[in-house]
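Report on one structure; see the data block that follows.
Atoms considered below: every heavy atom in the structure, side chains included; atoms not considered: hydrogens, waters and symmetry mates. Fair warning: this is a prediction, and the values are worked out from it, not measured in the lab.
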Amino acid sequence: MIVYGKNVALELLQRNTKIKKVFLQDNFCDEKIISLIEKLKIPVSVCSKRKMDDLSGGVHQGIILDIRDYQYKDLDSLLLKNPDFIVILDHLEDPHNLGAIIRTCEAAGVNMIIIPKDRQAQVNATVMKTSAGAISNMNIVRVPNLVSIISKLKKEGFWIVGTDMQGSRYDEIDYNCKVALIIGNEGKGMSDLVSKSCDFIATIPMVGKINSLNASVSAGILIYEVVRNRR
């Protein structure tokens with residue numbers, strides 16, 4: 001998998017992630033990153049800006065890494081560690097939203113993120129860059145069916161909190177328990193079966209003329225409400 005950007009590169013190099021090759025723009029001069037590349041003895045190819053642009057398809061900041069595909073984590077193994085805060089993404093399509101949510105989850109101490117295999121943004125270069133390296137410290141699980149996983153989490157003692165325009169005020173729900181928070185699709189919200197599986201529905205009041213927030217913004221508000229509620 002091709003990933004790019006200085007923050008992502010620095011995080012992966014510092015964690016000694018398996019990196020197959022590094023592509024550097026011919027005028028790249030970040031001494032800290034160059035020192036790590038040399039220390040780890042990673043093969044380097046120096047390229048023109050045009051070549052770097054073609055390789056990345058995004059804002060690469062002069063560095064591109066060729067790494068192995070992201071390795072999703074195993075749910076059962078993570079449940080053995082007795083997690084108490086999980087975020088479930090119900091078919092989010094925008095990789096920028098996924099990357100931003102990963103960054104928020106890592107900062108807030110969320111134990112894991114669960115995503116479906118189909119009709120969902122997967123971990124790619126855009127997600128890696130948007131998360132600004134946070135993905136290296138975040139457990140992400142990919143599953144074939146969200147409803148069956150929700151049922152499994154309920155048996156593990158989790159309360160399932162969905163998000164929708166019609167529900168209880170998000171700041172009136174008691175999150176002082178094992179919580180699985182569901183963030184719905186950017187346009188359609190939660191699917192019907194997922195919504196019916198929820199124990200609570202949290203709503204963020206809208207007082208302006210717009211009737212919804214960006215998925216990553218909503219996720220940030222709700223995730224930190226859970227954190228605040230547990231103080």
Side-chain angles (χ1 to χ4, degrees), residues 70-92 97-118 120-123 127 131 134-186 189-205 213-231:
Y70 179 79
Q71 303 297 299
Y72 294 94
K73 305 301 190 297
D74 177 67
L75 177 61
D76 289 333
S77 297
L78 293 176
L79 288 176
L80 291 175
K81 298 179 180 180
N82 196 30
D84 62 2
F85 190 10
I86 295 173
V87 169
I88 300 173
L89 305 182
D90 187 1
H91 299 96
L92 266 67
N97 276 334
L98 176 55
I101 290 171
I102 290 170
R103 185 166 174 78
T104 299
C105 286
E106 197 280 334
V110 173
N111 301 121
M112 74 178 90
I113 298 171
I114 298 175
I115 66 172
K117 286 184 176 179
D118 301 317
Q120 160 76 39
Q122 304 296 316
V123 175
V127 173
S131 76
I135 195 169
S136 298
N137 303 310
M138 193 68 234
N139 296 314
I140 303 178
V141 176
R142 187 168 63 172
V143 299
N145 185 282
L146 289 182
V147 174
S148 63
I149 293 302
I150 288 171
S151 177
K152 182 182 183 75
L153 292 177
K154 286 186 176 184
K155 292 176 183 177
E156 293 286 335
F158 281 87
W159 289 90
I160 312 301
V161 181
T163 52
D164 192 73
M165 293 301 297
Q166 303 297 322
S168 303
R169 280 183 59 106
Y170 76 100
D171 54 356
E172 295 178 351
I173 296 173
D174 183 4
Y175 302 99
N176 198 19
C177 55
K178 296 173 72 171
V179 172
L181 175 67
I182 302 174
I183 306 299
N185 173 274
E186 292 92 345
M190 293 186 297
S191 61
D192 288 342
L193 289 177
V194 168
S195 180
K196 290 175 182 177
S197 301
C198 294
D199 298 302
F200 301 98
I201 300 293
T203 298
I204 299 173
L213 295 172
N214 175 278
S216 63
V217 174
S218 296
I221 293 171
L222 293 162
I223 288 168
Y224 271 95
E225 177 59 21
V226 175
V227 173
R228 185 200 67 80
N229 195 263
R230 292 177 170 187
R231 288 178 181 173

(request) Could you list the residues that satisfy side-chain contact (heavy atoms from CB on, under 4.5 Å) with D118, not counting sequence neighbours? (result) none
For residues 100-112, please give each side-chain donor-acceptor pair under 3.5 Å, one per line with the distance, not counting sequence neighbours.
residue, atom, partner, partner atom, Å
R103, NH1, S131, O, 3.4
T104, OG1, A100, O, 3.2
N111, OD1, D84, N, 2.8
N111, OD1, F85, N, 2.9

(request) Quick one: pull up OH in Y70 and CD1 in I140 and give me the separation to the nearest 0.5 Å. (result) 4.0 Å
(message) Taking V123's backbone N and O only, do any of them form a donor-acceptor pair with Y72's side chain (distance below 3.5 Å, no angle check)?
(response) yes
(request) Would you give the length of the straight line joining atom CZ of R230 to atom SG of C177, rounded to the nearest 0.5 angstrom? (result) 6.5 Å
(request) Identify the two heavy atoms, one from L89 and one from L146, that lie closest to each other, and give their separation to 0.1 Å. (result) O-CD1, 3.8 Å
(message) If you compare all heavy atoms of Y170 against all heavy atoms of Y175, which two are closest, and at what distance to 0.1 Å?
(response) O-OH, 2.6 Å
(request) May I ask you to decide if L193's main-chain N or O and S197's side chain share a donor-acceptor pair within less than 3.5 Å? (result) yes
(message) Quick one, P83 and L78 - any side-chain contact, counting heavy atoms below 4.5 Å?
(response) no
(request) For residues 143-154, pull every pair meeting salt bridge (Lys or Arg N to Asp or Glu O under 4.0 Å), keeping only residues two or more places apart or in separate chains. (result) D76-K152, K154-D199
(message) Under a 3.5 Å cutoff, is there a donor and acceptor pairing between the side chains of N97 and N214?
(response) yes
(message) For the backbone of Q120 and the side chain of Q122, can you confirm whether one donor and one acceptor N or O come within less than 3.5 Å of each other?
(response) yes
(message) Using only atom types and a distance under 3.5 Å, with no angle test, would you say the side chain of R169 pairs donor to acceptor with the backbone of P205?
(response) no
(request) Can you see which heavy atom on F158 is nearest to which on A180, and at what distance? (result) CD2-N, 3.9 Å
(message) How long is the straight-line distance from CD1 of I86 back to CD1 of I113, given to the nearest 0.5 Å?
(response) 11.0 Å
(message) I want to check something: taking the side chain as every heavy atom from C-beta on, are V141 and L75 in contact at a cut-off of under 4.5 Å?
(response) yes
(request) Specify the closest pair of heavy atoms between G162 and M190, including all atoms of both residues, with the distance to one decimal. (result) CA-SD, 3.6 Å
(message) Could you check whether any side-chain heavy atom of I114 comes within less than 4.5 Å of a side-chain heavy atom of L153, counting everything from C-beta outward?
(response) yes
(request) Any chance you could measure R228, atom CZ, to I221, atom CD1, to the nearest 0.5 Å? (result) 13.0 Å
(message) Tell me whether D90 contacts the main-chain N or O of S191 through its side chain, where contact means a donor paired with an acceptor under 3.5 Å.
(response) yes
(message) If I take atom CD from residue E172 and atom CD from residue E225, how far apart are they, to the nearest 0.5 angstrom?
(response) 10.0 Å
(request) Ignoring hydrogens and angles, tell me if any N or O in the side chain of N229 forms a donor-acceptor pair with the backbone of D174 under 3.5 Å. (result) no
(request) Locate the shortest heavy-atom distance separating C198 from I182; write the atom from each residue and the value. (result) SG-CD1, 3.9 Å
(request) Return the minimal non-hydrogen interatomic distance between A121 and L98, and the atom names on each side. (result) O-CD2, 3.3 Å
(request) For the pair R142 (side chain) and K73 (backbone), establish whether a donor and an acceptor sit closer than 3.5 Å, ignoring hydrogens and angles. (result) no
(message) Measuring from atom OG1 of T163 to atom CD1 of I204, what distance do you get when rounded to the nearest 0.5 angstrom?
(response) 7.5 Å
(message) Please evaluate residues T203 and Q166 with respect to the criterion side-chain contact (heavy atoms from CB on, under 4.5 Å), reporting the C-alpha separation (whole Å), side-chain torsions for both, the decisive distance (0.1 Å), and the verdict.
(response) CA-CA 6 Å; T203 298; Q166 303 297 322; 5.5 Å; no
